[in-house]
Protein chains: 2
Amino acid sequence: MLTKKGKYGLKAMVHLAAREPGEPSLVSEIAEANNIPKKFLDTILGELRNAGFVNSKKGKGGGYTLARSAHLIRVGHIIRILDGPLAPIQCASKTSYRRCDDCTDERHCGVRILMLEAREALATVLDNRTLAEMRAAAQDDELILSYVI
Amino acid sequence: MLTKKGKYGLKAMVHLAAREPGEPSLVSEIAEANNIPKKFLDTILGELRNAGFVNSKKGKGGGYTLARSAHLIRVGHIIRILDGPLAPIQCASKTSYRRCDDCTDERHCGVRILMLEAREALATVLDNRTLAEMRAAAQDDELILSYVI
DNA sequence: CCCCATCCTCACGATTCAATAGGAATTGCT
DNA sequence: AGCAATTCCTATTGAATCGTGAGGATGGGG
Ligand code: FES
Ligand code: FES
């Protein structure tokens, strides 16, 4: 599940990607534009900053900007920071693997094999889409149709 | 995330699929073999029974059996019963759609478009794998290698 | 009638999620 | 220096969900 934290974070990143690079956006501005509780977004952007996805500047004229070009930011990375590993189960995660206590033979565990496949499918989508592509898809009407059909 | 409920349920179903059709398995037997808390598995199998995936028989000689052949049971369906919709976010779900309160224009929402894709990828994997295939993959060594590589 | 095993409902502690509160720190402007 | 704007930090709260356990009701087999 994508939590609200992840959802809000993604929306905020899209918002930032829509800006001229270097033009900072205020938290309050992003919050209002996307119907996100301001204080909540505050902490979310803090995490994104600690993770190096955005830069921030305090005081008057401050705000948040993308740390890199939107073409270089993969959506999967953002989600991992905010919501944790993509894999549906820990034993199938590549970035933060952990063994299952209840499974004796991991290599013959049907659940794990299935979830490895699921994780792969998910990662293929999320790690190949960049923030720029995500924003483009949201603006372009034709692209939307191709998804819906 | 696949919860423990989903995981235990899948493991139990695999266990049942390994039986001769018609041979019932006891809850206690499945629980022991897979290191699942018996009482928890009890309720899980109850839900699977209400959903029509397994049949049950009380009393001596009773237990659980698959309601249909393992070839006809899709893994995605089991997960949906136990853990809810596959889609990472409600507005991207086909089986239990719900609108997002905070998004004004759903058709131009980048998050939703992305998650539609993610849901599709996940469903392609989980709705095409049957219980029988899952069990086979767990037994067969060669198949495992092809996944790992 | 007596086992046996499923069935049902409730209840609990722990964890996570979503949001809020309150203020400290930093920057720009005058 | 002083003020206003804005990020930054930490803690707390309330609600929901998760994982599990207790106790007993129900019903079939012999
Ligand atoms: S090893 Fe993780 S589910 Fe079996
Ligand atoms: S419509 Fe659901 S995330 Fe925007």
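This structure is a prediction, so every number in the text was calculated from the model and none was measured. A note on names: the letters A, B, ... follow the listed sequences, proteins ahead of strands, and every chain is numbered from 1. These values consider heavy atoms only, across backbone and side chains, with no hydrogens, waters or symmetry-generated copies.
Here C:dG23 presents its C1' atom at 13 Å from NZ of A:Lys38, a figure rounded to the nearest Å. When the C1' atom of D:dT17 is taken as reference, atom CG of B:Leu2 falls 15 Å away, rounded to whole Å. When the C1' atom of D:dC8 is taken as reference, atom CD of A:Glu47 falls 13 Å away, rounded to whole Å. The CG atom of B:Leu82 sits 11 Å away from the P atom of D:dC18 (whole-angstrom rounding). Rounded to a whole Å, the CD1 atom of B:Ile89 is 15 Å from the P atom of C:dC17. Taking atom NZ of residue B:Lys5 and atom P of nucleotide D:dA16, one finds them 17 Å apart after rounding to whole Å. With rounding to whole Å, A:Leu48 atom CG is found 14 Å from D:dT7 atom P. Note: OH (A:Tyr64) to C1' (D:dA5) measures 14 Å, nearest angstrom.
More than 12 heavy atoms of other residues, nucleotides or ligands sit less than 6.0 Å from atom CD of B:Glu106.
Each of A:Asp83 and B:Arg49 lies near DNA chain C, and the nucleotide nearest B:Arg49 is the one positioned closer to the 5' end. Mapping A:Gly59 and A:Phe40 onto DNA chain C by nearest heavy atom places A:Phe40 closer to the 5' end of the strand.
Two residues are said to be in side-chain contact when any heavy atoms from C-beta on lie closer than 4.5 Å; B:Asp42 and B:Lys39 meet this criterion. Residues B:Lys11 and B:Asn35 are not in side-chain contact: their nearest non-hydrogen atoms beyond the backbone lie 4.5 Å or more apart. For the pair B:Met134/B:Met13, no side-chain contact is recorded, criterion being any heavy-atom separation below 4.5 Å from C-beta on.
Counting distance only, with no hydrogens placed and no angle test, the side-chain atoms of B:Lys7 and the base atoms of D:dG19 include no donor-acceptor pair under 3.5 Å. For a distance-only test at 3.5 Å, the side chain of B:Lys39 fails to qualify as a donor-acceptor partner of the base of D:dG19.
Look at A:Thr43 and you won't find any side-chain N or O under 4.0 angstrom from OP1 or OP2 of D:dC9. In this structure, B:Tyr8 does not reach the D:dC18 phosphate: none of its side-chain N or O atoms is under 4.0 Å from OP1 or OP2. The shortest distance between the side-chain N/O atoms of B:Thr3 and the OP1/OP2 oxygens of D:dG19 is below 4.0 Å.
Between D:dT7, C:dC8, C:dA19, one nucleotide has an atom nearer to the side chain of A:Val27 than all others, and that is D:dT7. The listed nucleotides are D:dT26, D:dA5, C:dC4; the one nearest the side chain of B:Lys58 is D:dT26. The side chain of A:Lys4 lies closest to C:dA19, out of D:dT7, D:dG19, C:dA19.
Within 4.0 Å of A:Leu45, counting heavy atoms only, lies no atom of the nucleic acid at all.
Separating the CG atom in B:Leu72 from the NE2 atom in B:His77 is a distance of 11.0 Å, to the nearest 0.5 Å.
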